[in-house]
Amino acid sequence: MTETKEKTTATHRRGSANKARARKSEEVAQNSEKRTSAKSGEKRTSSKRSESRSSSRSGGRRSGGSNSSRNTRGGSRSGSRRSNPRSVSRTPGTSPNQDAVLIAPPKYRKGSMRIVPLGGLGEIGRNMNVVEYNGHLLLVDCGVLFPDEAQPGVDLILPDFSYIKDRLDDVEALVLTHGHEDHIGGVPYLLNLRPDIPLIGSKLTLAFVKAKCEEHHQNPRCVEVNGRDKLKVGPFNLEFVAVTHSIPDALAVCISTPAGTVIDTGDFKLDQLPIDHRITDLVEFGKLGEKGVDLVMVDSTNAEVSGFVRPESTIGPELERAFSEATRKIIVASFSSHVHRVQQVVDAAHKVGRKVVFVGRSMVRNMSIAADLGYLHIPEGTVVDLKQAKDIQDNKLVYMCTGSQGEPMAALGRIADGTHRDITINEFDTVVMASSLIPGNENEVYGMINKLVQKGARVVNRDNAKIHVSGHSNEGELTYFYNILKPKCVMPIHGENRHLVANGLVAVKTGVDPKNVVLAEDGDVVDLYHGQAAVVGSVPCAYVYVDGDTVGELTDEELEKRKILGTEGFVSIFAVVDTDAKNVISGPKVYMNAIPDDESDLDKVRRQIVGQLEDAMMQGTHDTHKLQQIMRRTIGGWVSRQLHRKPMIVPVIADVAHDVIDGTPSGR
């Protein structure tokens, strides 16, 4: 396609963006004045953006390949999406968190900073951001998204590396903000493309990553940093800031170039009484704010929740109370990397005289690493392994396991299903769900709780006890943070659409100009130039599925077939014909899987198919593919009318006149 001259494009982009921002500014300001919270599905459509995007979009987590759209979020988005002639049609594998039609970004403008989120915007997971300056790339985080029920058979969902795949030699390093799976889980798959990318992170984060990479037979290059450390990587000047999260050693990163200063907070909260006494370094954030921050990318997960998050230390007394009331064994479920929560479980168990058993490969591995590095303190004799637990009475045991999100193959899921080989649920056992409920997992979690209750267990969770606090900042903490940092531009990250919008409104309330709130989505290209940030286009950003040993080979079409198999059933139909004699020799035989059938009704449709096949052959049809389609339409219509189902149908026709000669294939 013909490319518009760079100067003309830049001038038009600035003019279009200013008009769009002016309109959006009025709208966001009005919303802020009315103190209207951003609800899922609430529409905030700017005039300019509605011209460039005719499809509406609805918020929330979606399966790959879904044609569902989501509400326009508004914010600072360049009008060049409408005017730029280089339109890119959405590919079948494009993330559902993107528009149906993408507008390719203009050529990179030398001296600017370009930020491209490859995941984590519009979803909880697969967090990854690409920062570019003068041909050099810096990556921040590389996480995974866990599949939901609409993605059967999928193990993990990765960021789409296609944007950087041809530029891997330009990557200076990968900065990892902390050790949760949604920030580090994709690292081994990235290193498969280029094994020597330096990994920068804290001691615990790198230890978790190394253990993960060892499973993939990789030996990554690691650079360990702490809060307030400074590091130059290519043209990027990095400064790290300690933040509190639900895992130790979390860091924010400040990225400075001649084009400006950008901060990625990672996941954080302002817990003033953390278990490890390592608070978010607001002093350092204040210093950075005084120097000037052009753009801050901020964790949005709890932006809708008013007030402040309770301190992690308040969980200990609740656990002690639950443990002291338990009469038989206790099973606690949490994330395998939640070291602070596990520490409090160990402390509570020790106080009531119980032994702790770590259950699940990731739980055992991570807690072993945390203990070896001094992040987990275990009183002598408190932890025993699963084999030793068999010789200890139930009322003296606490099992610490994974599966708090209802994952069927995790330890708690198998315990609830009765398929765990070592642990069974008995009446009067206590199960403690000591973690957050990730949006989208509600059905799985409450389904598992119902199974546990049915078996006689007492389930303690966030609904009946103050057994969990979040690792993400509430609205009050975000307000405090913005007031300290005083950024010029804000780009909410890490959250569903409603979270991103709510975060943007918090920023506006603290004095950030509404036109400087950039509400982007996965694959958007955000340019920071002369202190102004705006979306200038988008690149394809697909859901990349890990399915067994395959990566990226599973398509949305194949996923749709799996869903049909799981919900509508499967029909195979086979017939043998002689197209020369123009008759049906055998069949059709109909096999129905997961569909109730009545033989008398099947006889009718078989006779109908025979008649249609013979009529087609009499009219000169010799193509077996066309005959198969006749069978497909007939049996499909019958199943739809009679059974109100739309199953997957596989028709097969063998033609003795042409397919087989003397017992061997004819090659036709």
- For Ala371 and Ile378, which heavy atoms make the closest approach, and how far apart are they? CB-CD1, 4.3 Å
- Taking all heavy atoms of Gly504 and all of Pro492, pick out the closest pair and write down the distance. N-CG, 3.9 Å
- Could you tell me whether the side chain of Asn302 and the main chain of Val305 form a donor-acceptor pair under 3.5 Å? no
- Item | Distance in Å, His420 NE2 paired with Cys401 SG, rounded so as to fall on 0.5 Å steps | 7.5 Å
- Spell out, as yes or no, whether a donor-acceptor pair under 3.5 Å connects the side chain of Asp429 to the backbone of Asn426. yes
- Message: If the threshold is 4.0 Å, N to carboxylate O, is there a salt bridge linking Asp422 and Lys387?
- Response: no
- I would like to know whether Tyr482 and Val298 meet side chain to side chain contact (heavy atoms under 4.5 Å, CB included); could you show each step before the answer? CA-CA 10 Å; Tyr482 286 132; Val298 186; 3.6 Å; yes
- Main-chain N/O of Asp394 paired with Arg328 side-chain donor or acceptor, under 3.5 Å: no
- Task: Say whether, by atom type as modelled, one donor and one acceptor occur between the side chain of Glu477 and the main chain of Asn474 under 3.5 angstrom.
- Result: yes
- Message: Once you measure the plane-to-plane angle for His178 and His245, does it fall in the parallel (<30°), tilted (30-60°) or perpendicular (>60°) bin?
- Response: perpendicular
- Query: Sub-3.5 Å donor-acceptor pair from the side chain of Gln344 to the main-chain atoms of Thr314, do we have one?
  - Reply: no
- Examine the side chains of Glu123 and Tyr543 and answer whether a donor and an acceptor come within less than 3.5 Å of each other. yes
- Message: Under 4.0 Å between a side-chain nitrogen and a carboxylate oxygen: does that hold for Lys466 and Glu318?
- Response: no
- Query: Going by distance alone, is a donor N or O of one side chain under 3.5 Å from an acceptor N or O of the other, for Asp249 and Tyr375?
  - Reply: yes
- Message: Nearest 0.5 angstrom please: Asp281 CG to Leu251 CG, how far?
- Response: 10.5 Å
- Give a yes or no answer on whether the side chain of Thr280 reaches the backbone of Lys269 with a donor-acceptor pair at less than 3.5 Å. yes
- Quick one: pull up OG in Ser246 and NE2 in His472 and give me the separation to the nearest 0.5 Å. 6.0 Å
- Nearest heavy atoms of Ile275 and Ser313, plus distance in Å: CD1-CA, 3.8 Å
- Task: Mind running ring-ring contact (aromatic ring centres under 6.0 Å, His included) on Phe268 and Phe481 for me, showing each step along the way?
- Result: CA-CA 11 Å; Phe268 81 111; Phe481 176 73; 5.0 Å; yes
- Mark yes or no for whether Asn450, through its side chain, and Tyr446, through its backbone, hold a donor-acceptor pair below 3.5 Å. yes
- Message: With a 4.0 Å cut-off on N to O distance, would you call Arg228 and Glu239 a salt bridge?
- Response: no
- Message: Salt bridge or not between Lys509 and Glu475? Use side-chain N to carboxylate O under 4.0 Å.
- Response: yes
- Would you say the side-chain atoms of His494 and Thr301 include a donor-acceptor pair closer than 3.5 Å? yes
- Task: Using a strict 4.0 Å threshold on nitrogen-to-oxygen distance, state whether Glu214 and Arg365 make a salt bridge.
- Result: no
- Query: Looking at CD of Gln388 and CD1 of Ile392, how far apart are the two atoms once the value is rounded to the nearest 0.5 Å?
  - Reply: 6.5 Å
- Residues Asp417 and Lys451 bridged, charged N to O under 4.0 Å: yes
- At their closest point, which heavy atom of Val512 faces which heavy atom of Pro487, and how far apart are they? CG2-O, 4.0 Å
- Message: Quick check against the 3.5 Å criterion: does Asn129 have a side-chain atom that pairs as donor or acceptor with the backbone of Asp141?
- Response: no
- In this structure, are over 12 heavy atoms from other groups packed under 6.0 Å from Phe308 atom CZ? yes
- Give the minimum heavy-atom separation between Val332 and Ala434, together with the two atoms involved. CG1-CB, 4.0 Å
- Message: Working to the nearest 0.5 angstrom, can you tell me the gap between Asn127 CG and Glu181 CD?
- Response: 12.0 Å
- Nearest 0.5 Å please: distance from the OG atom of Ser336 over to the CZ atom of Phe358. 11.5 Å
- Message: Between Asp160 and Leu118, is there a side-chain heavy-atom distance shorter than 4.5 Å?
- Response: no
- Ile184 and Cys142: CA distance, side-chain angles, deciding distance, side chain to side chain contact (heavy atoms under 4.5 Å, CB included) verdict: CA-CA 5 Å; Ile184 68 169; Cys142 184; over 6 Å; no
- Task: For Asp524 and Glu521, indicate whether the former's side chain and the latter's backbone hold a donor-acceptor pair under 3.5 Å.
- Result: yes
- 4.5 Å side-chain heavy-atom contact, Met433 and Val431: yes
- Item | Plane angle bin for Phe335 and His180 - parallel if under 30°, tilted between 30 and 60°, otherwise perpendicular | tilted
- Has the side chain of Asn503 got a donor or acceptor atom that lies under 3.5 Å from a matching backbone atom of Leu505? no
- Minimal heavy-atom distance between Cys541 and Asp522, with the atoms involved, is SG-CB, 4.0 Å
- Item | Gln393 atom CD: more than 12 heavy-atom contacts under 6.0 Å | no
